[in-house]
Amino acid sequence: MNDRFAAIPVFVAVVECESFSAAAERLGITKSAVSKRITQLERSLGVQLLQRTTRSLSLTEAGEQYFGYARNACAVAQEGEDAVTRLQGQPQGCLRISVPMVFGRLHIAPLIPRFLAAYPAVEINMMMDDQLVDLVEGGYDLAIRIGRLADSSLIARRIAPCNSVLCAAPSYLARCGTPTDMDQLAKHNCLFYSYFRGGSEWQFDGPAGAVRFQPRGNYQVNNSEALREALIAGLGICQMPTFIVGDDIAQGRLLELMPDYRLPEHAIYAVYPQRKYLPAKVSAFVDFLLAQLGGERPYWDTPDR
């Protein structure tokens with residue numbers, strides 16, 4: 001009976017992750033341990049829950065029925081754990097976080113040692129990826145999201161503004177000229193971030209109102225730091241968030257262009273699933289980020305930082 005109960009969260013993870021290997025990574029155990037737990041669960045129940053092939057994984061009819069109860073059981077257990085840890089007051093346990101790759105590397109990762117020093121009973125498992133992940137299915141406690149948030153059941157806390165600028169290196173501008181309006185910009189080599197969720201167009205708030213611009217250039221990439229390197233090398237013009245290029249602009253390695261054409265203002269959020277009892281580890285981390293990064297003028301937008 002104890003083995004059966006212990007296998008329930010493993011079964012739920014396999015179904016939500018749609019693979020044994022992804023479930024093993026989420027749970028921090030080996031793939032063989034996941035397979036063993038599922039086999040033991042099916043044997044104890046006397047029924048097959050999962051239909052396995054070399055390329056796919058699907059629920060049997062019995063598995064579909066059992067999954068609904070198993071997922072509810074895990075949710076209730078998690079709620080109980082949240083309530084108990086909240087009563088204890090001291091943040092503790094494993095905190096699973098999803099953060100964008102570049103923002104995470106530049107501004108979250110440097111803070112982790114200080115947070116762990118302040119809260120030694122917490123363990124952090126952080127995944128850096130520019131692709132959006134499902135927090136519930138991925139078993140994440142918290143995610144950092146940048147930009148406009150889609151309507152969802154997630155709770156969002158605004159951490160800081162996310163400002164962007166149109167910029168280029170002095171070497172590029174010396175070679176190709178400095179654009180001052182949309183017609184001139186259309187003649188330049190415009191670099192593009194291919195994961196941009198706002199679409200392929202650049203949007204500006206110009207002197208005459210909203211302007212949409214289709215960038216054309218010889219370089220698109222799904223990593224903002226690669227774009228920054230291309231900009232500094234003088235390859236072209238790009239719109240970039242100041243949390244990446246703020247220091248480059250302050251030091252003159254990049255120059256802001258067309259200040260009369262403002263880019264949309266976004267924000268950086270901490271988002272987490274709605275829970276009856278918010279775990280102390282989550283609230284502590286969000287408060288920590290607000291203290292370190294919060295405010296309407298974050299440190300990367302302050303030239304004399």
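Predicted model, so just to flag it, every value in this text is computed and none were measured. Here, residue 1 is the first one in the sequence, and each next residue gets the next number.
- In terms of the side chain to side chain donor-acceptor pair (under 3.5 Å) criterion, residue partners of Gln184 (sequence neighbours excluded) are, by chain and number, Thr180.
- Among pairs with a residue in residues 179-192, none fulfils salt bridge (Lys or Arg N to Asp or Glu O under 4.0 Å), at least two apart in sequence or across chains.
- Environment of CZ in Arg212: sparse, with no more than 12 heavy atoms of neighbouring residues, nucleotides or ligands closer than 6.0 Å.
- For Pro9, the side chain to side chain contact (heavy atoms under 4.5 Å, CB included) partners are Cys74, not counting sequence neighbours.
- Residues passing the side chain to side chain contact (heavy atoms under 4.5 Å, CB included) test with Glu225, sequence neighbours excluded: Val102, Arg105, Leu106, Asn223.
- Residue-environment remark: CD (Glu25) stays at or below the threshold of 12 foreign heavy atoms within 6.0 Å.
- The two residues Ala230 and Leu191 have their closest heavy-atom pair at CB-CD1, 3.9 Å.
- Put simply, the side chain of Asn189 gets close to the backbone of Leu235: a donor and an acceptor are under 3.5 Å apart.
- Between Phe103 and Trp300, the angle of the ring planes goes over 60°, which puts this pair in the perpendicular group of the 30/60° scheme.
- Smallest separation of non-hydrogen atoms from Tyr140 and Asp134: CD1-O, 4.2 Å.
- Glu18 and Leu57 get closest at one heavy-atom pair: C-CD2, 4.0 Å.
- Counting all heavy atoms, side chain and backbone alike, Arg145 lies closest to Leu154 at NH1-CD1, 4.1 Å.
- Not counting sequence neighbours, the partners of Arg158 by the side chain to side chain donor-acceptor pair (under 3.5 Å) test are Glu296.
- Listed by chain and number, the residues in a side chain to side chain contact (heavy atoms under 4.5 Å, CB included) with Ala13 are Ala23, Arg26, Leu27 (sequence neighbours excluded).
- A distance-only check finds no donor-acceptor pair linking the side chain of Glu16 to the backbone of Gly139 [under 3.5 Å].
- Side-chain atoms of Asp248 never come within 3.5 Å of backbone atoms of Arg253 as a donor-acceptor pair (strictly under, hydrogens ignored).
- Residue pairs meeting the side chain to side chain donor-acceptor pair (under 3.5 Å) criterion with at least one partner in residues 110-125, sequence neighbours excluded, are Arg114-Gln292.
- With sequence neighbours excluded, no residue forms a side chain to side chain donor-acceptor pair (under 3.5 Å) with Arg96.
- Residue pairs meeting the side chain to side chain donor-acceptor pair (under 3.5 Å) criterion with at least one partner in residues 58-70, sequence neighbours excluded, do not occur; the list is empty.
- Of all heavy-atom pairs between Asp129 and Gln131, the closest is OD1-N, 2.9 Å.
- Looking at residues two or more places apart in sequence or on another chain, you find a side chain to side chain contact (heavy atoms under 4.5 Å, CB included) between Pro207 and Asp260, Tyr261.
- Of all heavy-atom pairs spanning Pro241 and Cys162, the tightest one is CB-SG, 4.2 Å.
- Residue pairs meeting the ring pair (Phe, Tyr, Trp, His ring centres under 6.0 Å) criterion with at least one member in residues 160-188, sequence neighbours excluded, are Tyr172-His188.
- With sequence neighbours left out, the side chain to side chain donor-acceptor pair (under 3.5 Å) criterion links Thr242 to Asp301.
- For the pair Gln220 (side chain) and Phe192 (backbone), a donor-acceptor distance under 3.5 Å is absent.
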